[in-house]
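Step one of this worksheet: look at the structure below.
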Amino acid sequence: MKRRHFLRGSLALTALTSLEFAPWHVVSAFAREVDEFVRGPVVKDHPLEQLSPHVWMIHSPDGFPTPENQGMMCNLTFVDTPRGLVVLDSGASVQIGEMAIRQLRQKFPGKPVLAIINSHYHGDHFLGNQAFVEAFGELPIYAHPGTIAAIRGLEGNMWRTLMEQWTNQATAGTRVVVPNQPLAHGQELKFGDLTLRMHHYGKVHTPADICVQVVEDGITYVGDVAMDRRIANMDDGSYLGTLKCYEELERNAASRVWIPGHGRPGAGVLQWNRELFQGIYEPCVQAVQEGQPLEAAKSLVLRDPRVASRARETAGFESNIGKYVSLAYLEAEAAAF
């Protein structure tokens, strides 16, 4: 048994034998002490980087949660508006959110956080909400209605539990704070003379992804719709929907820089992902049309130059490509009927 679990169990046993007849203020104080005891450790500081006149980012160097990185796997993006700061995805834990707040207070002393936008319902993008609400009071937390429903339903606590498991309890103490303001495609949020325009193009990485265009800066945060040198998890997504989304973003957002939820921003983020996704999906379409099985489709995918040329630089490629091909094959089958 790990020491932390043993101590937690011992503490609980002691509580049961001593608190039954304790006055309420003793019970309340004990509850606070237990909460602090089981809280995960502080996350080390990661610096703010400026991407455009109004947009800043804390880059996450890792793409997957581990005990070593304490769940620091998602970029945190911030828009500096005339009225205050807007957070675009808050991270995977209360500890990560608190780390971000430390950086913001150093760079923008006295400037409040006005709002949070959660791009979708995967936990590395919303579990930091708690830190900002605790630091700045009740905030408007925006998301697509599908994201709000998912976090309020099964996804919220499921992701909180998964993060604790993946990080060996480093994110313990995090609670789910559900977004409270729905967003629609084309909706604009105005903060002084700065405009944030929302883009939603159906089922992409999830059925409820929101991309946020900072209009005046010519830059768009795409969340996990596209990633840098990593394949977006497609368990809840669609290859066809993703390829359609890229076309719509390029037509309607027309940004100079695309900010992914994972990896480095750049002008070529959508194109890199487009070619990789085409290299996975199109061979699966070919296999389905020719009546070939899944294993043949995988062989076609691995030989496709758009995939082969990216295999070495794509995080998690070897361990995940089989699943990605399977999902693409299933989607190609469904599209054929």
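If you're wondering where the values come from, they're calculated on a predicted model, not measured in any experiment. Values reported hereafter were calculated over all heavy atoms of this structure, with side chains retained and with hydrogens, waters and symmetry mates removed.
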Requested in this report: Report the C-alpha separation of Glu134 and Val94 in whole Å, then their side-chain angles, then the decisive distance to 0.1 Å, and conclude whether the side-chain contact (heavy atoms from CB on, under 4.5 Å) test is met.
Outcome: CA-CA 10 Å; Glu134 289 179 352; Val94 64; 4.3 Å; yes
[X] side chain to [Y] backbone, donor-acceptor under 3.5 Å:
X: Thr161; Y: Asn157; value: yes
X: Gln271; Y: Gly268; value: no
X: Asn69; Y: Thr167; value: no
X: Ser52; Y: Val55; value: yes
X: Ser60; Y: Met73; value: yes
X: Asp228; Y: Pro265; value: no
X: Asp304; Y: Leu300; value: no
X: Asn273; Y: Leu270; value: no

Check whether any side-chain heavy atom of [X] sits under 4.5 Å from a side-chain heavy atom of [Y], and report yes or no.
X: Leu51; Y: Val257; result: no
X: Tyr246; Y: Val222; result: no
X: Ile259; Y: Leu88; result: no
X: Leu114; Y: Thr81; result: yes
X: Val215; Y: Leu196; result: no
X: Thr174; Y: Gln95; result: yes
X: Asp124; Y: Met163; result: yes
X: Val42; Y: Glu98; result: no

Could you state whether [X] and [Y] fall into the same hydrophobic cluster, counting links through intermediate Ile, Leu, Val, Met, Phe, Trp or Tyr residues with side-chain heavy atoms under 4.5 angstrom apart?
X: Val301; Y: Leu327; value: yes
X: Val178; Y: Val113; value: no
X: Tyr142; Y: Val176; value: no
X: Trp56; Y: Phe136; value: yes
X: Met99; Y: Met57; value: no

Do you know the tightest heavy-atom contact between [X] and [Y]?
X: Ala267; Y: Trp258; result: O-CD1, 3.6 Å
X: Tyr281; Y: Ala335; result: OH-CB, 3.9 Å
X: Ala143; Y: Thr147; result: CB-CG2, 3.7 Å
X: Gly237; Y: Lys203; result: O-CE, 3.4 Å
X: Glu216; Y: Thr195; result: OE1-N, 2.8 Å
X: Val325; Y: Ile280; result: CA-CG2, 4.4 Å

[X] [atom1] to [Y] [atom2] distance, which is reported to the nearest 0.5 Å:
X: Glu247; Y: Asn252; atom1: CD; atom2: CG; answer: 11.0 Å
X: Leu294; Y: Cys284; atom1: CG; atom2: SG; answer: 7.5 Å
X: Cys74; Y: Ile58; atom1: SG; atom2: CD1; answer: 11.0 Å
X: Asp217; Y: Leu194; atom1: CG; atom2: CG; answer: 6.0 Å
X: Gln70; Y: Asn168; atom1: CD; atom2: CG; answer: 11.0 Å
X: His46; Y: Leu76; atom1: NE2; atom2: CG; answer: 10.0 Å

Query - Leu183 and His200: CA distance, side-chain angles, deciding distance, side-chain contact (heavy atoms from CB on, under 4.5 Å) verdict - result: CA-CA 9 Å; Leu183 287 172; His200 170 70; over 6 Å; no
Query raised in the report: In terms of ring plane angle, is the pair Phe132 and Phe78 parallel, tilted or perpendicular, where the classes change at 30° and 60°?
Result: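 Phe132 vs Phe78 ring planes: tilted.
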Query raised in the report: What is the ring orientation for His205 with His120, classed by angle as parallel under 30°, tilted 30 to 60°, or perpendicular over 60°?
Result: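 Taking His120 first and then His205, their aromatic rings stand perpendicular (interplane angle over 60°).
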Query - Partners meeting salt bridge (charged side-chain N to carboxylate O under 4.0 Å, His left out) with Glu155 (sequence neighbours left out) - result: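 Not a single residue meets the salt bridge (charged side-chain N to carboxylate O under 4.0 Å, His left out) criterion with Glu155.
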Query - Arg230 NZ/CZ over Tyr324 ring centroid, <6.0 Å and within 45° of normal - result: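 Geometry flag: not set, cation outside 6.0 Å or 45°.
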Requested in this report: In plain terms, say whether Asp80 and Lys107 are close enough for a salt bridge, that is, a side-chain N and a carboxylate O under 4.0 Å apart.
Outcome: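 Result for this pair is no, no salt bridge flagged.
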Query raised in the report: Is the shortest distance from a Lys or Arg side-chain nitrogen in Glu164 or Arg160 to a carboxylate oxygen in the other one below 4.0 Å?
Result: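 The answer is yes: the pair qualifies as a salt bridge.
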Requested in this report: State whether a side-chain donor-acceptor pair under 3.5 Å links Glu248 with His199.
Outcome: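 There is no such pair between these side chains.
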Requested in this report: Could you walk me through whether Val212 and Ser119 pass side-chain contact (heavy atoms from CB on, under 4.5 Å), step by step?
Outcome: CA-CA 8 Å; Val212 184; Ser119 64; over 6 Å; no
Query - Full working for side chain to side chain donor-acceptor pair (under 3.5 Å) between His125 and Asp224 - result: CA-CA 9 Å; His125 296 261; Asp224 285 2; 2.9 Å; yes
Query raised in the report: salt bridge (Lys or Arg N to Asp or Glu O under 4.0 Å): which pairs involve residues 256-280, sequence neighbours left out?
Result: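 Qualifying pairs: Glu49-Arg264, Glu250-Arg274, Glu275-Arg310.
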Query raised in the report: Under the criterion side chain to side chain contact (heavy atoms under 4.5 Å, CB included), which of Ile148, Ile141, Ile210 is the partner of Asn118?
Result: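 When Ile148, Ile141, Ile210 are each tested with Asn118, the side chain to side chain contact (heavy atoms under 4.5 Å, CB included) holds only for Ile141.
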Query raised in the report: Going through the checks in order, is the side-chain contact (heavy atoms from CB on, under 4.5 Å) test met by Met72 and Asp62?
Result: CA-CA 7 Å; Met72 184 63 187; Asp62 296 313; 5.9 Å; no
Report task. With sequence neighbours excluded, give me every side-chain hydrogen bond (donor to acceptor under 3.5 Å, both in side chains) pair touching residues 236-245. Result ->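 Checked against side-chain hydrogen bond (donor to acceptor under 3.5 Å, both in side chains) - neighbours excluded - the pairs reaching residues 236-245 are Tyr121-Asp236, His122-Asp236, Ser238-Glu331.
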Query raised in the report: Do other residues, nucleotides or ligands put more than 12 heavy atoms under 6.0 Å from the CZ atom of Arg312?
Result: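 Atom CZ in Arg312 is not packed in, count stays at 12 or less.
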Query raised in the report: Is the number of heavy atoms from other residues, nucleotides or ligands under 6.0 Å of Glu290 CD greater than 12?
Result: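 Check passes, neighbour count above 12.
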Query raised in the report: Looking at Phe126 versus Trp159, is the centre-to-centre ring distance below 6.0 Å?
Result: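 That pair fails the under 6.0 Å test.
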